[in-house]
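Some notes on the structure that comes next.
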Amino acid sequence: SYLVAGSITIRELNRHLNLKLQTKGPNTLSGLITEYLEAIPSAPCCIKVQGHMIEVTKVSHNIIEKARIYSFVEELK
């Protein structure tokens with residue numbers, strides 16, 4: 001898993017963690033989570049966004065400050 005700042009851009013996440021999150025729409029992880037939930041969550045909160053499990057770990061003053069992104073190895077079937 002990776003603990004990241006909510007202010008990290010989606011492009012940076014994709015580049016550094018080899019993810020494929022859509023870059024159309026919100027620019028930051030915080031914006032993506034807020035758009036997906038249509039609200040600012042309280043921590044802790046887990047959601048699945050575009051196939052990636054994201055746990056909001058710290059919210060302060062209505063801003064998502066930290067989130068943990070989990071990477072899973074798919075099982076062969």
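Being a predicted model, the structure only gives us computed values, none of them experimental.
Taking every heavy atom of both residues into account, Lys20 and His52 meet most closely at N-NE2, 4.2 Å. Taking every heavy atom of both residues into account, Cys45 and Ser42 meet most closely at CB-O, 3.3 Å. Pairing each heavy atom of Gly31 with each of Pro26, the nearest pair is C-CB, 3.5 Å.
In this structure, Val56 and Pro44 have side chains that are not in contact, with every pair of non-hydrogen atoms separated by 4.5 Å or more.
Placement of Leu37 and Leu29 within a single hydrophobic cluster is found when ILVMFWY residues are connected by side-chain heavy-atom separations under 4.5 Å, directly or transitively.
Looking at residues two or more places apart in sequence or on another chain, you find a side chain to side chain contact (heavy atoms under 4.5 Å, CB included) between Ile40 and Thr34, Val59, Asn62. Thr23 is linked by a side-chain hydrogen bond (donor to acceptor under 3.5 Å, both in side chains) to nothing, counting only residues two or more places apart in sequence or in another chain. Every residue was checked against the side-chain hydrogen bond (donor to acceptor under 3.5 Å, both in side chains) condition with Gln22, not counting sequence neighbours, and none meets it.
The SG atom of Cys46 lies 10.0 Å from the CD1 atom of Ile54; values are rounded to the nearest 0.5 Å.
Arg68 and Thr57 form no side-chain donor-acceptor contact under 3.5 Å, judged by distance and modelled atom types alone.
Residue pairs meeting the salt bridge (Lys or Arg N to Asp or Glu O under 4.0 Å) criterion with at least one member in residues 22-39, sequence neighbours excluded, do not occur. Pairs passing the salt bridge (Lys or Arg N to Asp or Glu O under 4.0 Å) check and including a residue from residues 43-58, sequence neighbours excluded, read Lys58-Glu65.
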Going by atom type alone, with no hydrogens or angles, which donor-acceptor pairs under 3.5 Å involve a side-chain atom of residues 2-17 and a protein atom two or more places apart or on another chain?
from: Thr9; atom 1: OG1; to: Glu12; atom 2: N; distance (Å): 3.1
from: Thr9; atom 1: OG1; to: Glu12; atom 2: OE1; distance (Å): 3.1
from: Glu12; atom 1: OE1; to: Thr9; atom 2: N; distance (Å): 3.2
from: Asn14; atom 1: OD1; to: Leu21; atom 2: N; distance (Å): 2.9
from: Asn14; atom 1: ND2; to: Leu21; atom 2: O; distance (Å): 2.8

